[in-house]
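The next block holds one structure in the form of structure tokens; read it before the comments.
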Amino acid sequence: MTDLGEAVLALSRQHDSALMAMLLTLPRLHGFLTTSQLLPSTAMPRLARSACILILAMFVAPINMAYAHAVPHDPFSYAMFTAKEYAIGMV
């Protein structure tokens, strides 16, 4: 494995809960911004809208840090949790 690959794996293992909290936050914010039309796709390019969602997620992600360890790492559970977070964001 290359040095870059080993560095990325080491960082992902070290910051596993922070990465999981960020991944749990993104669907909720995307659902909220899609439903509220705060950043409509007709007025803002996709890249700029995605950047805004990522910036907002950095401030909201610490809320999900407590729940990051409770999410199982199998794909089905993660998909269900993502769907739940997206549905909460749409409300």
Side-chain angles (χ1 to χ4, degrees):
M1 186 174 253
T2 65
D3 291 333
L4 179 63
E6 291 172 4
V8 168
L9 283 175
L11 280 173
S12 70
R13 282 189 213 108
Q14 185 178 10
H15 301 291
D16 185 44
S17 62
L19 288 173
M20 184 58 76
M22 185 69 141
L23 288 175
L24 294 176
T25 305
L26 289 174
R28 185 179 289 195
L29 282 174
H30 189 270
F32 169 71
L33 292 174
T34 301
T35 306
S36 68
Q37 290 297 318
L38 222 62
L39 303 173
S41 59
T42 57
M44 185 174 242
R46 184 180 303 173
L47 183 62
R49 194 172 70 219
S50 296
C52 288
I53 290 172
L54 282 173
I55 290 169
L56 288 172
M58 287 189 329
F59 294 109
V60 180
I63 296 170
N64 282 335
M65 285 291 274
Y67 306 110
H69 299 291
V71 178
H73 291 292
D74 63 299
F76 181 74
S77 297
Y78 182 72
M80 290 292 109
F81 204 83
T82 302
K84 180 193 76 127
E85 289 293 316
Y86 194 81
I88 289 172
M90 289 179 67
V91 172

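Index from 1, following the sequence. Computed from heavy atoms alone, side chains included, the values below leave out hydrogens, waters and symmetry copies.
With sequence neighbours left out, Tyr86 forms a ring pair (Phe, Tyr, Trp, His ring centres under 6.0 Å) with His30.
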Query raised in the report: Passes side chain to side chain contact (heavy atoms under 4.5 Å, CB included), Leu56 versus Leu33? Steps please.
Result: CA-CA 11 Å; Leu56 288 172; Leu33 292 174; 4.1 Å; yes
Requested in this report: Please lay out, stage by stage, how Met22 and Met58 fare under the test side chain to side chain contact (heavy atoms under 4.5 Å, CB included).
Outcome: CA-CA 7 Å; Met22 185 69 141; Met58 287 189 329; 3.6 Å; yes
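Hydrophobic cluster membership differs between Ile88 and Met90, with clusters built from Ile, Leu, Val, Met, Phe, Trp and Tyr side chains linked at under 4.5 angstrom. Follow the hydrophobic side-chain contacts under 4.5 Å out from Phe32 and you reach Ile53 in the same cluster.
Residues Ala57 and Leu26 approach most closely at CB-CD2, 3.6 Å, considering heavy atoms. In terms of heavy atoms, Ala61 sits closest to Ala21 at O-CB, 3.6 Å.
Taking CD1 of Ile55 as the reference point, atom CG of Leu29 lies at 12.0 Å (rounded to 0.5 Å). Atom CG of residue Leu23 and atom CD of residue Glu85 lie 11.5 Å apart, to the nearest 0.5 angstrom.
Contact of the Leu24 side chain with the Tyr78 side chain is registered, since non-hydrogen atoms from C-beta on lie closer than 4.5 Å.
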